[in-house]
Structures are given as structure tokens and as C-alpha cells.
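Worksheet for the structure shown next.
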Amino acid sequence: MDSKEVCEMEDQFLLRCNLDTRKIIKEEIPERILAQYVGGRGLGVRYMWEEVPPDVDPLSRANKMIYAVGPLTGSYAPTSGRYCAVSKSPLTKTIFDAHSGGRFGSELKNLGVMALIVEGMATDLSYLYLDAEDDIFELRDASQLKGKTTWETTDILVKITKTQARVACIGPAGENIGLMSCIINDKGHALGRGGMGAVMGSKKLKAIVVKGQRPQKNEELKDLSEQLNLAVRKNPVTKSALPVFGTSVLVNIVNELGMFSTNNFKEGTFDDALGISGEKLKELYVIKNHACAGCRIACGRITKVTEEEQGKGPEFETIWAFGSQIGNNDLALICKVNYLCNQLGLDTISTGNTIGCAMELSEKNRLSNFPRFGEVDSLKKIITQIAYKEGIGAELSKGSRKFAEKYGEPDLSMTVKSLELPAYDPRGAQGQGLSYATSNRGGCHLRAYMISTEVLGTPIPMDRFSSSGKASIVRVFQDLSAVVDSLVLCRFSTFALSAVDYARILSVVHQKEYSQSDFMKIGERIWNLERIFNLKAGFSAKDDSLPKRLLEEPLTVGGSRNRVVKLQEMLPEYYKIRGWDENGVPTKEKIAQLELG
Amino acid sequence: MDIDFKGFKLDVTPAQMAQLIDHTKLSAWEGPQAIKNLCHEAIQYNFYSVCINSSYVPLAVETLKNTDVKVCSVVGFPLGMMGTDSKAYETKNVVKNGANEVDMVINVGMLKSGEYKYVQTDIESVVSAAGKALVKVIIETCYLTDEEKIKASELSKDAGAEFVKTSTGFGVYGSFPYDVKLMRKTVGPDMGVKAAGGIRNYADAARVIIANGLILDPLKFRIGASAGINIINNLKWMSLSEEWFIDEIPCHLCPVRAATFGKMSEIHYSYHKSKCHTCQYNNYNQFYD
């Protein structure tokens, strides 16, 4: 089968939209690239590498934004209703991929494309209208949407286009090029991290509206998907824990282990955790579960605080960011600011983390007229100021790192490579510490979700306090995550499926046999290409680190007391296992082995 | 104590491992649906057998009809303290209902009292009642001294049983590599040894396989486990990295360390501890954070 046949069979094309010329063209994706990078994150990283210089200014015309789906998106396969965006992040300056669920991804796939590359910069605020049903692909004026929230934008665009259309858009935070801004689709799902909203904002692209055609279902995939769905229904995490309590089931578990970062990571135990737990959320505010397209897990939550204040979420990380991270035990307020962030288009993790940093600066008297931990009366106002860059919000909108540096306390920024860390305190899980430090996109728990093995005990329980063997497992999880992200399946599928299962999926999709090692090599290739991009962008081994607090200040109470991250016990071994030199640079042999030369 | 505490890495495929496993469900609260599920899992993973309580034999036989998965029923379970006739009757009954294998429990009290003739007759009656069905003899190592483990293994062999098995899984502790090694040495290469109880993951399974001399023949070695699926899934992940498990300290693999005061006779507890005091690895025996 030659590349042309594959492309025509599977509709594996991409759309390229040039905002300068307003032209939208359809291109074939070479079979070689699909075989080596699959789709989603891998495909996006590959095109970024080919087309964007690593040292590009992320907010300049030369940066590109690649929205991508996977070969299974829109199929019956478990957790396949997702999409991602790949670009160079204005927050971290690294290569960056952000992922989101909902229904937008499936509709994007229904255009008959695997990716949408947006390049250049529009002269005025615009939105992309991509309608395969009526064969309309054009850039339209969005001046009437200026300053609108993501919810308002979505409602207006659906009203003036098609009721079945799906919208991904930015809010005021993205329009104002705030570095913590995100892209919201389906009024509550976020391409959350890394300031992806600012990239859209810099290109004056307010929204993308997609309406695809009803897809033809692949029967072979349907059979395989049924088997995989069975595995998802059998796994205790995907069968019970996530459907019943959502991701916030983790609040009590992580807090009991002393890893629920509290007051800007000063401690790992929050006394009021029960009051902001998944169990309490279910009791007080959840009105129903919510699932992304084609998903059987339904971990999402629709909550309602008042008639006027209801929406999707909050999930675990948001509860943490606006809960223990800032000393807040008011669950209703957490729900409300979650809705607010979704409307304004702000990443909840980065926003909450940065406010926590500011609160500590305030406690240390380095910042005046700012609330301290637990003082949350003005929380909504601060968040709104961040989105509109008003008052203190203008400084906060640049993220925790720049904010802490400005006030002379860079060590109070709980970030890795300028990306704000999420909820898990790595002093209670050594592997997670190494995962944070070596992440290609900065402080992210999902590059290698070591919590799975160190806390949840799946697929194999490991001693969370031991550094032994963690380098090897972090590498396995990083490579696996990279290729699962390229299939564009939800990370929750990894609780139920192994690399062997994923290789089987890819074999069916590409109609070519992939072994487990073939499959993992794809992940390794993507990981190394991201690493090379970052090295060429100016990063080095010194950036593979953690905030000083996590390395030197032991927790004083709780289930992880007296612990720090023993990063130096793991990092050299990690480089060695990766086939990198002592400076964290992939060797020539490794580059050749992965066909990256 | 002679404890092999280093190494658990094996060259074994998931298919080979599955054929060593008796997929087990013996808890009192398990209903028919749980047994059906157990059978379906055994088919899916191609385990050697399902190991169940005797009342569920007809259900398991029906569910596993036209498959290669065997049905193994426990008899005289879990204490082994009923009369010989009762064990023989239960054996006849399960075999009549289609069981391919029988895992019987010896009368531990009689063994410890030196009533060896009784114990051998007890086993012989089950072997006789089993006919062509394979018999495994559970000696419940947690309640025995090394000398008694050796004696119980010899009696099982003399009585014509095909296997000697470490534990019920309901005693103070389950199987340890140390006991497997001792039992294999006692019964020689031709009789089967089954390790059961406390085998929860790949590393546990690998250690008893190594202790048994790396025999991968299901007619010579078997693992009884309710965690069979976990063991197989562990193996899939082991192929990606061998660092999931680490070498244990010897005390974590020693039956002496697992002895629990109050759950066994004082004499037996003292027997365990006396071994601990003279052990070459005694310096490892401390409580860790």
C-alpha cells in the first residue's frame, strides 16, 4: 500500500490556514510521517520541528499553532474523543502540547483531516469557519466577539453558524495575551496549559468553528474498540473510582499521603481536605456526570451552585489550585471560580498556583495589599484582573516565575521550566519528582504520571519514597504517554490498557503489524525530538530541576513528613537510560537509532 | 535461615506463566456470578485451572465446557480437621461432578502430634476416592517446623498424591520461596509442588518459580493465586522495564519473620523466633520507616 492509498483511505490530510493570506489549503500527510509520529502530539511536534525555528518568539507571526486529532478520534475506541494543540509556549518557551476532551475533537476529525495548521497573523480579530457539510472553509471577521467570554463566544457562533457546530475559542485572557490563558471548547473543556490562548490571541484568532460530515464507521475498529471498552469497564479505576467521584476522588487519597500541596507547597496536608473532596462535591453540587465523545468512563461533572452559577467541573487539579494551594476550604467558591476561569479562558492550575505564590509573598511582606492564605473574599476580583491585565493582575498574568522574580523571591515560584506545578507534592513520590524535573513542557504531572504506580498502585505498585528504579519507569511512562497522546487517547485509558493493547490498536489502524517495542519507539522518538527542540531553543540540563523548596525543605507533618526529592540520585541514571550524555543531550547514536538525523 | 533473597528476573512468557497458575477464588462471600467471572477470566488468560470451593464444581464445569481450563476443587478446606470419611466423600462427590483436580488439607494437628499413620491414611483415602483426578496435598507450612514440613511432604508422596502444596491462604501466612525449596528437595524431581497464598504479583511468582528450580511444567509446578491476572499484566509491563521490583531484604522473604504471636501456638512462635536469633541475616531484622 503506498502513501497515497493510505491517505485516501483514512482521510489523512491536514488543513493549512495562513492568516496573512487568508488562504486555507488541504495537504496530504506523507505516510512516513504518520508511521513515525501517528497523529496528535507526535504529528504536531514533527511539523513544528520542520516549519518553526526553535528560537522563535512564541507570540510572533513566525510561531505556528497545530491542532491535531488521532487516527481513532471520533471512533468507538475508548476515550478517543479528544484533540490537542501543539505550539511553542509563550509561558515556558518550550515546545508544548495541550490536550482537551469534549466534542470539538471528533468534529474536527469529521472534516476529514488529522490536523489544522494555523500560521501567520490576522490583521483584525477573526474566527475560522470550517464546514465540510457545505464545503465552506474561510476566515471570518470576529469584531463582534471582541471581549466576549468563551461561553458568550460559543453561543453567538453556534447561533450564527450551525447548531451542530463545535467551537474552540479564547476569552478575554487570550485576547489580552495573558501567559496563563487557555483555549476553551464546548464551554468547559480546556486546552489548558502553557498559555496556548495567548498564541491564538497573538494571531488575533478568536475562535475556530468546525462542522464535519457524518463519518463512515470502520467495522474492524468497532470490534477492537468493543474489546478495549471491556478492559476499561473491568479496571477498578476506570470502572468505579472515576465514574463515581470523578478525578476529585484523589483529594482525600493524596491528602492522606501528605502530598496534597498546601499554601504554595509549604506543606503537603490540608486540614480541610474533606470539605473540598470529591465526596463532598458529589454530595453538595454535582447534578450529573459528563462524558467526552465516545467515552464510557464519564469522569466529568456538571455542578450547580446557584441557578446562575453552574457548569462543567471542577476537577481535581482545579479543586487543589483554588483550594489547598491558597488555603481555601470554600468548595462553593472553588466551583464558582472554576466557571469564571472557563469563561475568561484561564488555566486553573497556573492561575491558582500563581495566586498562591503571591499570597506567600504577601505573608512575607514582600507584596502589600494582597490577601494571604485563606483570605479569599477578593479571589474572583483577582482572577478577573488577571484576565484583563488590570492592577496586580497585569503582573500575575505573566505566571508565577516572573511574578516571584519581580518581587525578589524566585524560589517561591513553584514551577519547572516556568510552568506552574500541579497538585501532587513530589516529596511524597520520588518518581513524580523526576517526572516533573525532566518534563519537556515543564511542571506537568501527565508527561509521566508516576502517581499511577507510586500512589494508585497501577500497573504495579512501587515504593513512593524510594528513588530506586524510578529513572527507568519515568522513561517508560514518558514514552508511553507521548505515543498515547499521538493516538490522542485520554490518559485515563492507560489505567486499563497496556502498551501491548495500544500496539494492537495501531496495527489495526495502520493495517501493519506493530510490536510493543515498535510502539514504544514511536514514543521515544517524539520525546527525543521534543528534547532536541528545547535544547535548540536554549534549554539545558540545568533546567531539569525542581523548586529549591522541594529539594531542600522537608515537609513537617503528614504522611510524607521529613521528605525531600532526591533528584540527584535519579537524574544521572535517567540521562544514561535515555541514551543521553551527562549534559542531557541525546547522543549521535540515539539520534540515528530513532531516525531523527 | 537459608534465604535466597536476590533475583526475581525470569525468562518466561505470559503464556508460560498463565499455564502455571490455578486461578483461585475461595472466600466465603463469593457467589455463583463471581465463580462464572473467574471461569471467563481463566479462559481469557488461558490459566491452567480454576481453584474453587466444592459446592461450585458443577457450575465451573458447565462454564468451562469445551475449553482446556481444568477445574480444581478444594477438599476438607480450609482446616482439614474433619474425619477421613468426610474428606473421601467430598472428593468422590467433586470428581463425580467433573473436577479434574483435588486440593486436600491434611490434619495438621495429627501431624504435629506424631500421628503419621493417621495422616497418611487420610491422604490415601482422598487419593483413592479421586480416581484419575490429580491430588495436591496442602500441608499448611505456617503451622509446621521444618522437620514437620519434610515429614508431611514424605507422607504425601508415600500416599500416592501427585502434588504437595504449601498453604491454604487462610493460615497465618502463605507460601515462601524457602518452603518451596525445602519441599522440592524433599519430594525429588518427579512429584509436583504447588506454592499458594500471598503470591500477589510477578515478583512473588518469580521467586517461587526460582525456588522450585525454574520448572515450567504445570504437572510439576503450580502457583495458586487469586492475583493471576495481576501477575500476567505485571509481566507485560516487565518487558518495558525490569525496575518495577527491587530485591527484598532476606527477612521480607523469610517465613520466620511472618510468624505472628497469638495466631499460632506459643511453642510454634518460639520455634520461629529461635531461628531468627541465630540467623546469618539477623542484622536485617529491624523495623524500617
Side-chain angles (χ1 to χ4, degrees), chain A residues 227 230-231 233-236 430-431 434 448 450 452-454 457-481 483 494-504 515-517 519-521 523-524 559-563 570 573-574 577-578, chain B residues 5-10 12-18 23 25 33-34 36-47 198-207 225-249 251-253 287-289:
Chain A
Q227 291 174 33
L230 195 64
R233 284 201 296 270
K234 279 187 173 179
N235 179 274
Q430 294 293 323
L434 179 64
M450 290 295 286
S452 178
T453 174
E454 294 183 306
T458 177
I460 298 172
M462 294 186 87
D463 179 354
R464 66 192 176 104
F465 295 131
S466 170
S467 58
S468 177
K470 296 295 170 65
S472 173
I473 306 306
V474 165
R475 178 212 154 149
V476 167
F477 277 15
Q478 286 174 339
D479 290 351
L480 181 64
S481 300
V483 67
T494 58
F495 288 123
L497 306 178
S498 68
V500 175
D501 299 318
Y502 289 118
R504 206 152 50 93
S515 67
Q516 176 181 257
S517 61
F519 184 78
M520 293 300 288
K521 189 175 176 184
E524 189 182 7
S560 300
R561 66 187 174 282
N562 301 330
R563 307 281 178 177
M570 301 181 280
E573 188 190 355
Y574 171 82
I577 287 170
R578 274 264 169 233
Chain B
F5 62 98
K6 290 200 170 166
F8 49 82
K9 291 165 187 173
L10 287 180
V12 58
T13 65
Q16 285 173 315
M17 182 69 90
H23 194 37
K25 207 171 269 290
Q33 190 55 49
K36 279 186 188 173
N37 293 345
L38 183 83
C39 293
H40 291 307
E41 288 166 358
I43 296 167
Q44 185 186 345
Y45 285 84
N46 199 26
F47 291 126
I199 300 173
R200 298 186 183 91
N201 56 41
Y202 160 79
D204 293 338
R207 288 189 181 106
S226 57
I229 293 175
N230 192 46
I231 292 167
I232 301 299
N233 286 341
N234 282 182
L235 250 178
K236 290 183 190 172
W237 289 93
M238 285 294 287
S239 63
L240 295 176
S241 170
E242 293 188 335
E243 303 298 323
W244 295 101
F245 299 100
I246 54 174
D247 284 329
E248 291 282 10
I249 61 167
C251 302
H252 288 172
L253 300 176
F287 289 95
Y288 293 85
D289 183 2

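Below, read A as the first sequence line, B as the second, and so on, with proteins coming before strands; counting in each chain starts at 1. Computed from a predicted structure; not experimentally measured.
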Using non-hydrogen atoms and a 4.5 Å limit, figure out which bit of [X] sits close to chain A: side chain, backbone, both or neither.
X	value
B:Phe245	side chain
B:Trp237	side chain
B:Asn234	both

Donor-acceptor pair between A:Ser517 and A:Ser515 side chains, under 3.5 angstrom: yes

Check: B:Asn37/B:Gln33 side-chain N/O donor and acceptor closer than 3.5 Å: yes

Step-by-step salt bridge (Lys or Arg N to Asp or Glu O under 4.0 Å) determination, A:Lys470 to A:Asp463: CA-CA 10 Å; A:Lys470 296 295 170 65; A:Asp463 179 354; 5.9 Å; no

Beyond-backbone contact of A:Tyr502 with A:Thr494, side-chain heavy atoms, under 4.5 angstrom: yes

Contacting region of A:Phe477 [heavy-atom separation from chain B under 4.5 Å]: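 For A:Phe477, side-chain heavy atoms alone lie under 4.5 Å from chain B.
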
Residues in side chain to side chain contact (heavy atoms under 4.5 Å, CB included) contact with A:Pro461, at least two apart in sequence or another chain: none

Residue, of A:Ile460, A:Thr458, A:Ile577, A:Thr453, that accumulates the most heavy atom pairs under 4.5 Å with chain B: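 So the answer, after comparing A:Ile460, A:Thr458, A:Ile577, A:Thr453, is A:Ile460.
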
